[in-house]
Asks: 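Following this message is one structure expressed as structure tokens.
Positions are given from 1, in the same order as the sequence printed here. Here the structure is a predicted model, which is why all the values come from computation and not from measurement.
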Amino acid sequence: MACNVLVIDDDRDSGELIKRNLEELGTCKVEFESEITRAESRIQDEGFDCIVSDFDMGEKTGLEIFNSVSETDIPFILFTGKGSEKIASKAISAGITDYIRKGGPEQYERLVNRVSKALSRRN
């Protein structure tokens with residue numbers, strides 16, 4: 001299954017690390033965007049199959065980005081280092097596909113598995 005995944009993170013190093021880990025899916029083209037406004041435009045224009053976003057990005061949160069594009073019905077996974085139970089609860093209530101805390105290598109493995117699962121449910 002060919003797919004196109006967009007990673008959104010205002011921290012370039014973090015975004016590139018997420019991108020590299022997701023490329024392990026093999027069949028997915030993974031793109032990275034650090035500018036929030038550009039990311040939202042790309043989501044509307046380019047037909048991504050899944051979005052992976054950080055939560056706290058200064059000008060906007062990942063939840064706000066999700067709310068601005070939620071009518072697209074694209075699986076949306078928050079992958080954040082600054083999360084909390086309150087944020088997780090809000091995200092799941094809003095309809096976010098999944099919520100994962102950043103951490104060690106096992107969290108990247110979890111992310112790859114969750115993206116894979118979200119893509120298989122979509123097809």
Side-chain angles (χ1 to χ4, degrees):
M1 139 186 80
C3 57
N4 197 9
V5 176
L6 179 64
V7 174
I8 307 168
D9 198 315
D10 63 335
D11 179 316
R12 184 159 297 280
D13 291 338
S14 178
E16 291 293 342
L17 181 60
I18 296 165
K19 179 181 184 291
R20 278 195 306 277
N21 277 277
L22 287 176
E23 287 172 340
E24 291 178 8
L25 287 172
T27 57
C28 287
K29 177 181 176 187
V30 183
E31 299 183 45
F32 166 64
E33 187 61 59
S34 62
E35 293 183 32
I36 285 55
T37 306
R38 181 151 162 68
E40 289 173 319
S41 294
R42 292 185 69 190
I43 292 167
Q44 297 295 336
D45 298 340
E46 296 182 35
F48 290 96
D49 298 298
C50 185
I51 309 298
V52 175
S53 177
D54 190 15
F55 177 76
D56 185 6
M57 295 182 283
E59 64 184 88
K60 268 192 176 179
T61 67
L63 192 52
E64 289 170 321
I65 294 170
F66 169 75
N67 288 333
S68 74
V69 300
S70 61
E71 73 280 354
T72 60
D73 200 31
I74 301 168
F76 197 105
I77 298 172
L78 279 179
F79 188 57
T80 183
K82 297 182 181 176
S84 68
E85 290 301 314
K86 183 178 178 181
I87 292 169
S89 177
K90 256 182 157 174
I92 300 302
S93 294
I96 293 279
T97 307
D98 217 328
Y99 176 94
I100 305 166
R101 295 280 313 256
K102 289 179 183 174
E106 71 282 350
Q107 292 303 89
Y108 288 93
E109 288 175 29
R110 178 176 284 156
L111 176 65
V112 168
N113 289 334
R114 300 280 174 85
V115 168
S116 183
K117 244 184 228 177
L119 289 168
S120 66
R121 283 192 299 253
R122 188 161 197 241
N123 293 324

Asks: Drop me the distance from I65's CD1 to D54's CG, to the nearest 0.5 angstrom.
Replies: 9.0 Å
Asks: Taking side-chain contact (heavy atoms from CB on, under 4.5 Å) as the test, write out the residues that go with E46, two or more places apart.
Replies: E31, R42, F48
Asks: Could you measure the distance from the CZ atom of R12 to the CG atom of L17? Nearest 0.5 Å is fine.
Replies: 14.0 Å
Asks: Answer yes or no: is there a side-chain heavy-atom contact under 4.5 Å between E33 and R38?
Replies: yes
Asks: Could you work out, with side-chain contact (heavy atoms from CB on, under 4.5 Å) as the rule, every residue matching E59, not counting sequence neighbours?
Replies: I36, T37
Asks: Rounded to the nearest 0.5 Å, what separation is found between the CG atom of L78 and the OG1 atom of T97?
Replies: 9.5 Å
Asks: Using a strict threshold of under 4.0 Å (side-chain N to carboxylate O), is an ion pair present between E106 and R110?
Replies: no
Asks: Less than 6.0 Å separating the ring centroids of F79 and Y108?
Replies: yes
Asks: Are V69 and V30 connected into the same hydrophobic cluster when the rule is that any two of I, L, V, M, F, W, Y join if their side-chain heavy atoms are below 4.5 Å apart?
Replies: no
Asks: Would you check if the side chain of S89 reaches a backbone N or O of E85 as a donor-acceptor pair within less than 3.5 Å?
Replies: no
Asks: In terms of side-chain geometry, is the basic nitrogen of D49 or K29 positioned less than 4.0 Å from the acidic oxygen of its partner?
Replies: no
Asks: Quick check: do E23 and V5 have side-chain heavy atoms less than 4.5 Å from each other?
Replies: no
Asks: How many angstroms lie between atom CE of M57 and atom CD of E64, to the nearest 0.5 angstrom?
Replies: 9.0 Å
Asks: Do L22 and I77 belong together in a cluster built from hydrophobic side chains that touch within less than 4.5 Å?
Replies: yes
Asks: Any chain of hydrophobic side-chain contacts (each under 4.5 Å) joining I8 to L111?
Replies: no
Asks: Could you state whether Y99 and V112 fall into the same hydrophobic cluster, counting links through intermediate Ile, Leu, Val, Met, Phe, Trp or Tyr residues with side-chain heavy atoms under 4.5 angstrom apart?
Replies: no
Asks: Atom CG in L63, atom OG1 in T61: separation rounded to 0.5 Å?
Replies: 5.0 Å
Asks: Under 4.5 Å between any side-chain heavy atoms of F66 and S53, yes or no?
Replies: no
Asks: When rounded to the nearest 0.5 angstrom, what is the spacing between OG in S116 and CZ in R121?
Replies: 10.0 Å
Asks: Hey, is E40 close enough to K60 for a salt bridge, meaning N to O under 4.0 Å?
Replies: yes
Asks: Test side-chain hydrogen bond (donor to acceptor under 3.5 Å, both in side chains) on D10 and S34; report intermediate values, then the result.
Replies: CA-CA 5 Å; D10 63 335; S34 62; over 6 Å; no
Asks: Are I18 and K102 close enough, and set up right, to give a side chain to side chain contact (heavy atoms under 4.5 Å, CB included), and what steps lead you there?
Replies: CA-CA 10 Å; I18 296 165; K102 289 179 183 174; 4.0 Å; yes
Asks: Is F55 linked to I43 within one hydrophobic cluster, defined over Ile, Leu, Val, Met, Phe, Trp and Tyr using a side-chain heavy-atom separation of less than 4.5 Å?
Replies: yes
Asks: Closer than 4.0 angstrom, basic N to acidic O: yes or no for D98 and K117?
Replies: no
Asks: Can you give me the closest heavy-atom contact between C3 and L119, atom names plus distance?
Replies: SG-CD1, 3.7 Å
